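Since the structure comes first, as structure tokens, the remarks are kept for the end.
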Amino acid sequence: MSDLSLLLAKVNAPVVVTTTITSTSPDDYLGVADIVDNDYVCRTALYMEIPNTKIRLWDTIILIPNLMFLLFLIIGFDKARLKLRATNSPIFLTFYCLVFINVVLSITRCIISVLVNSSSSSLLVRSYADIGLWIVVQLFSMITELSVIIFGLAFGHLDSRSSISHVLLVTSLFSLAFSICQAALEILLHDQAFRVSAGHFGSTDGYDLLLFGHGGAVFWFASSIIFSMLYSVIIVLPWTSLREKLALPAKRSFYIYASVLMLLNVCCVIGSGLLLLQIDEGLCIVDLTTGLYSSFFAPLVYYIFLSNFFDVSQPNLQFSYKGQTDDTPDDDNLSLPHHHSFASLKTDSDYIYRTSDMYENTHFNTAGPINPLYVASLQSPDSITGYSLDSQIFDLPSTSKP
């Protein structure tokens, strides 16, 4: 009986549940706050990968437009080469080379970034490879930007290779100094807005992923202000008294080009300014401007300064040509600022500076003879007279015997 009473006492006894609370150090949650913060969509877009691949979506967005433009350049390469040879124009050759280098470097950056991201698990290697590639691309983009400004404004009459080389040397040195400062800031004082915690990738190597931040918000803000002011001055110059003293570009599309870049720089000022105030929405603005600039800067330069040069059919260059009523030039069909009629090409300054006797005489004057193969290749089929690529026969003027 006593045994039964003891058993009932155990069953009716209250159940006491004990829990053990173990304290955790803050280090156990290292990176949690960063992960939540770095899940912001405009930051995630810079390193997010396409599902089931190691390819960043950001690289793909920039790569596709540049590949399409490179294909366009390759298709028209033979025509461009022949026309550049026929005209012997160092300025147009310089612009073409700068555009080609920019698009090739942009594609190369995307491809190498994909390869490094796929082959290396080290966030440190991926970070510095990406930053280094971006620095190189930005270097040549700035050289092109500054060269366009100088050729359009200060050195419009340049028609020698040596003077153009001097301009490129100056712009290269300035751009190199700018890029060195940008690289130093990226490595030594990397902006926290472009840092992604290693915990987000499950990495244990102790290094965070560093995204390219254009030298940080402060540097980006200051440089964008300077370039915005520069392009603003260029745009308003025709409405100032300086238009009487300076040979300003007369072509409207040149100012459209300056307006586009001014708008992009103003957006960078706003975006980087918001980042300085620690407002993440600034990332969305700078992401948009960076994507547009990286994808369409080279096509923009080509369209403004080279498209009409390569598209206009060269008239018969062996004879003088008198303008007719329906041959009135259209300002938007001229290639460079102060562009002379393509039909009256003499030197590079004729392309850049327009004169009052435009289209009066279109005889092609050069320092040396022009290969008729090049000349014929630049003409439309209806404009080629007296020369056949197949028969290679010239119609010479008949001479009468005395």
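Because the structure is a prediction, the values reported are computed rather than measured. FYI, side chains are in, hydrogens and waters are out, and symmetry mates aren't considered; it's all heavy atoms of this structure.
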Between atom CG of Leu169 and atom CZ of Phe174, what is the distance when rounded to the nearest 0.5 Å? 14.0 Å
How about Phe92 and Phe310: do any of their side-chain heavy atoms sit closer than 4.5 Å? no
Report yes if the distance between the aromatic ring centroids of Phe151 and Phe305 is under 6.0 Å, otherwise no. no
Could you measure the distance from the CD1 atom of Ile61 to the OG atom of Ser294? Nearest 0.5 Å is fine. 11.0 Å
Count the heavy atoms belonging to other residues, nucleotides or ligands that lie under 6.0 Å from CZ of Phe178, then report whether that count exceeds 12. yes
Pairs where residues 256-269 contributes a residue and the test side-chain hydrogen bond (donor to acceptor under 3.5 Å, both in side chains) is met, not counting sequence neighbours: none
Once you round to the nearest 0.5 Å, how far does NE2 of His190 lie from CG of Leu210? 4.5 Å
Using a strict cut-off of less than 4.0 Å between a Lys/Arg side-chain nitrogen and an Asp/Glu carboxylate oxygen, indicate whether Asp287 and Arg43 qualify as a salt bridge. no
Are side-chain heavy atoms of Arg126 and Asp130 found at a separation under 4.5 Å? no
Enumerate the residue pairs fulfilling ring pair (Phe, Tyr, Trp, His ring centres under 6.0 Å) with a member in residues 267-294, sequence neighbours excluded, ordered by first and then second residue. Tyr293-Phe297
What about the rings of Phe309 and Tyr96, do their centers lie closer together than 6.0 Å? no
If you measure from CG on Leu275 to CH2 on Trp220, what distance do you get to the nearest 0.5 Å? 7.5 Å
Is the CE atom of Met229 crowded by more than 12 outside heavy atoms at less than 6.0 Å? no
Among Asp280, Leu283, Leu288, which one satisfies side-chain contact (heavy atoms from CB on, under 4.5 Å) with Cys42? Leu283
Flag side-chain contact, heavy atom, 4.5 Å: Phe212 against Glu186: yes
Taken in chain and number order and not counting sequence neighbours, the residues that satisfy salt bridge (charged side-chain N to carboxylate O under 4.0 Å, His left out) with Asp191 are none
